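This report refers to the structure that appears directly beneath it.
Basis for what follows: all heavy atoms, side chains included, without hydrogens, waters or symmetry-related copies. Chain naming here is simple, since letters A, B, ... match the order of the sequence lines and numbering starts at 1 in each. What you are looking at is a predicted structure, and each value in this text was computed from that prediction instead of being measured.
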Amino acid sequence: MPPPAADAAATAPARPLPRAFYGRDPRHAAPELLNKVLAVGGVAGRIVEVEAYAGADDPASHAHRGPTARNATMFGPPGHLYVYRSYGLHWCANAVFGPAGTGLAVLVRALAPLAGLATMAERRRAARQPRDLCRGPGRLAQALGLTGDHDGADLVTGVGGVVVLDDGVAPPPSPGVSARIGVTRAADRPWRWYVPGERCVSAVRSSIGPVPCR
DNA sequence: ACCGGGATGTTCT
DNA sequence: GAACATCCCGGTG
């Protein structure tokens with residue numbers, strides 16, 4: 001007897017997203033990453049907020065000016081993790097998209113914590129409540145223990161210690177959309193998507209500008 | 001609640 | 001030298 005649909009989703013065996021998922025333009029594919037699971041060992045969270053970066057065509061992208069030592073992973077095959085240092089202090093994680101050489105990527109901006117919350121809390125002493133553990137790109141990298149050592153990890157095979165899983169929860173049928181947060185160039189492009197109503201989407205300072213965020 | 005400043009690696013002008 | 005896909009803490013209302 002098949003279980004009800006909601007239970008089927010919750011109990012489906014988690015399997016990695018296939019390589020082909022990443023081989024597309026993130027301006028269309030990025031919202032499909034919502035509600036997938038990002039896992040590093042036993043620590044994991046559900047992706048609730050993402051931003052697309054469109055390679056050479058996108059002045060806000062690290063790939064805009066071509067390959068460098070830092071962004072080399074962006075120009076490799078899709079389905080790998082690009083980790084970079086932000087403002088000299090924090091780490092941020094992207095999934096590489098598109099055909100190899102295009103520099104397309106999706107920044108993971110927030111997770112709803114799923115597993116390993118005690119470990120996350122040890123790494124994120126400043127977090128005052130569980131919803132703050134992975135609320136923001138620098139915070140989620142810290143909570144998952146992601147650093148430059150994870151740059152290049154294969155999200156499909158798990159080689160490198162990081163994997164993106166589909167556990168049967170569908171993306172939101174109507175994701176929230178806004179401009180990207182914290183970018184100065186190409187600030188008008190509506191390439192941020194989030195799970196509507198989700199409390200774990202990253203905080204936005206009102207001085208930055210009006211961004212729909214609940 | 002809102003705001004402002006500081007920390008600081010990599011890239012670019 | 002300056003900018004930057006950030007976060008945290010302490011000030012003020």
Would you classify [X] as touching base, sugar-phosphate or nothing, given that sugar-phosphate means primed atoms plus P, OP1 and OP2, and contacts are heavy atoms under 4.0 Å?
{"X": "A:A60", "answer": "base"}
{"X": "A:G138", "answer": "sugar-phosphate"}
{"X": "A:R185", "answer": "nothing"}

Are A:R24 and A:F21 in a cation-pi setup, meaning NZ or CZ lies under 6.0 angstrom from the ring centre and within 45 degrees of the ring axis? yes
Row check, A:Y82 ring normal vs A:R70 NZ/CZ: under 6.0 Å, within 45°: no
Output the rounded distance in Å from [atom1] ([X]) to [atom2] ([N]).
{"X": "A:H64", "N": "C:dC4", "atom1": "NE2", "atom2": "P", "answer": "13 Å"}
{"X": "A:L140", "N": "C:dT6", "atom1": "CG", "atom2": "C1'", "answer": "12 Å"}
{"X": "A:E51", "N": "C:dC4", "atom1": "CD", "atom2": "C1'", "answer": "14 Å"}
{"X": "A:R70", "N": "B:dT11", "atom1": "CZ", "atom2": "P", "answer": "6 Å"}
{"X": "A:R135", "N": "C:dA5", "atom1": "CZ", "atom2": "C1'", "answer": "18 Å"}
{"X": "A:H90", "N": "C:dC9", "atom1": "NE2", "atom2": "P", "answer": "11 Å"}
{"X": "A:M74", "N": "B:dT10", "atom1": "CE", "atom2": "C1'", "answer": "14 Å"}
{"X": "A:H62", "N": "C:dC4", "atom1": "NE2", "atom2": "P", "answer": "11 Å"}

Listed partners of A:F75 passing ring-ring contact (aromatic ring centres under 6.0 Å, His included), at least two apart: none
Taking 4.0 Å as the cut-off, does a side-chain nitrogen or oxygen of [X] come that near to OP1 or OP2 on [N]?
{"X": "A:S86", "N": "C:dA5", "result": "no"}
{"X": "A:S61", "N": "C:dA5", "result": "no"}
{"X": "A:R124", "N": "C:dC7", "result": "no"}
{"X": "A:R85", "N": "C:dA5", "result": "no"}
{"X": "A:R139", "N": "C:dC8", "result": "yes"}
{"X": "A:R65", "N": "B:dT13", "result": "yes"}

Quick check: does any side chain N or O of A:H80 sit under 3.5 Å from a backbone N or O of A:V96, one acting as donor and the other as acceptor? no
Expected output: side-chain A:N71 to main-chain A:T68 donor-acceptor under 3.5 Å: yes
So if I apply the salt bridge (charged side-chain N to carboxylate O under 4.0 Å, His left out) rule between A:E49 and each of A:R192, A:R135, A:R139, which one comes out positive? A:R192
Determine, for A:R46 against A:D167, whether the closest basic-nitrogen to carboxylate-oxygen distance falls under 4.0 angstrom. yes
Check this for me, if you would: do A:E51 and A:R180 make a salt bridge, where the nitrogen-to-carboxylate-oxygen distance has to be below 4.0 angstrom? no
Heavy-atom nearest nucleotide on DNA chain C for A:Y82 versus A:A127: which residue maps closer to 5'? A:Y82
Using both distances under 3.5 Å as the test, list the Watson-Crick or G-U wobble partner of C:dA2, or none. B:dT11
Given that both distances must come in under 3.5 Å, which nucleotide forms a Watson-Crick or G-U wobble pair with C:dC7? B:dG6
Any donor-acceptor pair under 3.5 Å joining the side chain of A:Y84 to the base of C:dA5? yes
Of the listed nucleotides (B:dT11, B:dT8, C:dC9), which one gets closest to any side-chain atom of A:L89? B:dT8
Closest to side chain of A:T68, choosing from B:dC12, C:dC4, C:dC7: B:dC12
Close N or O pairs between protein and nucleotides 11-13 of chain C (under 3.5 Å):
none

